[in-house]
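Because the structure is a prediction, the values reported are computed rather than measured. Within every chain, numbering begins at 1; the chains are lettered A, B, ... in the order of the sequence lines, protein sequences first and strands thereafter.
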Protein chains: 2
Amino acid sequence: MPQPPAPRKTLGRPPRISREEVVTTARRIVDTEGVDRLTMRRLATEIGSTPMALYHHVRNKEELLVLLLDDYATRTLHRPDLPAQPRERIVVAAATIHEALAACPWIVEVLTADDLMATSALWFVEQIVDGLVECGLSPERAVHGYRAIWYYTAGEIVVRVTAARRRTDDDRPTYREQVFADLDPGELPRLAQVADHWAPLTAEDTYLDGLRALVDGLLAPR
Amino acid sequence: MPQPPAPRKTLGRPPRISREEVVTTARRIVDTEGVDRLTMRRLATEIGSTPMALYHHVRNKEELLVLLLDDYATRTLHRPDLPAQPRERIVVAAATIHEALAACPWIVEVLTADDLMATSALWFVEQIVDGLVECGLSPERAVHGYRAIWYYTAGEIVVRVTAARRRTDDDRPTYREQVFADLDPGELPRLAQVADHWAPLTAEDTYLDGLRALVDGLLAPR
DNA sequence: ACCTGAACACCGTTCAAGT
DNA sequence: ACCTGAACACCGTTCAAGT
């Protein structure tokens, strides 16, 4: 994890708040009230300081969010015993990252703010890339394979979390429901056929099935 | 596309601005100045009105963004001649959606605001679901397969667009670069091995390769 | 029915000054 | 070096009133 800008060598006014305190307090706000409520002003009052004091410890709000994800990953992403078989190792490593991130509803703001590059997540990336190489891919293709897995994983989380958010703050029919209600079976027969089951079908958690399909496809000889 | 709340039956003060004008003007702002600059206030002045007048034509800003995506899809998503072979049809349909959305840098705000359910995109969804069924999947598994493809596609766009944004507004080393510089080759040998090529490797457009792998995996007998 | 003016309750960030 | 006060330049949305 990159450290604060510069180590303290010369002396000046002693710091009243630390970067760690900033991150810890931000985490408490996010956990108890949601990301929306995390503002620099709110954080400053919570910490008993002024908005500007924060800018001595984090560059800006985006960096604060990245630090928050890093902190979350360090605390919750523990290394499991991975299977020896490389294909299974890839699947379990990816599924572990996915599970940790999916349990974290404020994640979307950060996924769209930076790549997942917390030090504690790198070990999982290593396992995936290494597993792909062990299965016969070149290092280059292995990196591309990892990226495909990451796109799939990040996409699943972004789509599902935002869908869940929409459901909670509103009872009106969603845009999607309206669209499906107006479906023309002559033009779009398959969609009309499954229209009634679309909502339950897409609510099912099929992350693992898709992940296995993707890994199988990445490893298939071509 | 869902229509405005209610048809005008009784008479009152004749409308000065229309929902269409609101969307068209919003599009112009987004195209010329970026999503960040699209605010209800800016839009109102651009249209020669007041912020509150807009709320008679769109429910709120989120609905405006969804309408904007719908408008974009209707204008740019034209149906190509698809291959007869179902597996190829799936790939081309998905790639066409991907291409249209990837060309649209403000898309992330909307992808995270709603599922892609513009009427003009439904035809592509139909092609993908139908192709999967023709290849032997049950309708249920075909819907799950489409979802996997959508997760992969949306994830690729979200990750890549946000990475590109970060690059433009900043010259300092990214968080990722710092992390890779501190890599311990003893602990993470594969990542250390590819560290120097990570940036160019991940900058490559490998959407199609990953898509083909995913489709192959979804269609493989299990 | 449609539009306006004024207000509410906020934002992130910068600047200049203090200790 | 670290912190403060005041300000800049904004937000989305609501309310009450006008035509």
### Query
Roughly how far apart are A/Arg37 CZ and A/Thr32 OG1, rounded to 0.5 Å?
9.0 Å
### Message
Distance check, P atoms only: C/dC10 and D/dA9, in whole angstrom units.
### Response
23 Å
### Query
Got a sec? Which of residues 43-50 of chain B come in under 4.0 Å of DNA chain C, heavy atoms?
B/Ser49, B/Thr50
### Query
Can we say A/Glu20 and A/Arg27 salt-bridge, meaning some charged N sits less than 4.0 Å from an Asp/Glu carboxylate O?
no
### Message
Is the shortest side-chain heavy-atom distance between B/Asp31 and B/Trp106 below 4.5 Å?
### Response
yes
### Task
Indicate yes or no: at least one non-hydrogen side-chain atom of A/Glu156 is less than 4.5 angstrom from one of A/Leu211.
no
### Nearest non-hydrogen partners of A/Gly210 and B/Leu214, listed with the distance
O-CD1, 3.9 Å
### Message
Within this structure, what is the CD1-CG distance for the pair B/Ile29 and B/Leu43, rounded to the nearest 0.5 Å?
### Response
5.0 Å
### Message
Defining pairs by Watson-Crick or G-U wobble geometry with both distances under 3.5 Å, how would you list the stems of DNA chain D with at least three pairs each?
### Response
C:4-8 with D:12-16, C:12-16 with D:4-8
### Query
Closer than 4.0 Å, any side-chain N/O of B/His57 to the OP1 or OP2 of C/dC3?
yes
### Query
Of the non-hydrogen atoms in B/Ala44 and B/Pro51, which two are nearest, and what is the gap between them?
CB-N, 3.3 Å
### Criterion side-chain contact (heavy atoms from CB on, under 4.5 Å) on A/Leu191 and A/Trp198, from CA distance to verdict
CA-CA 8 Å; A/Leu191 296 187; A/Trp198 189 269; 4.0 Å; yes
## Note on the structure
Once base and sugar-phosphate atoms are separated, protein heavy atoms under 4.0 Å mark nucleotides 11-19 of chain C, 5' to 3', with B, S and - as BBBBB--BB
### Message
Between B/Tyr151 and A/Tyr207 (judged by ring centroids, cut-off 6.0 Å), do the two rings come close enough to count as a pair?
### Response
no
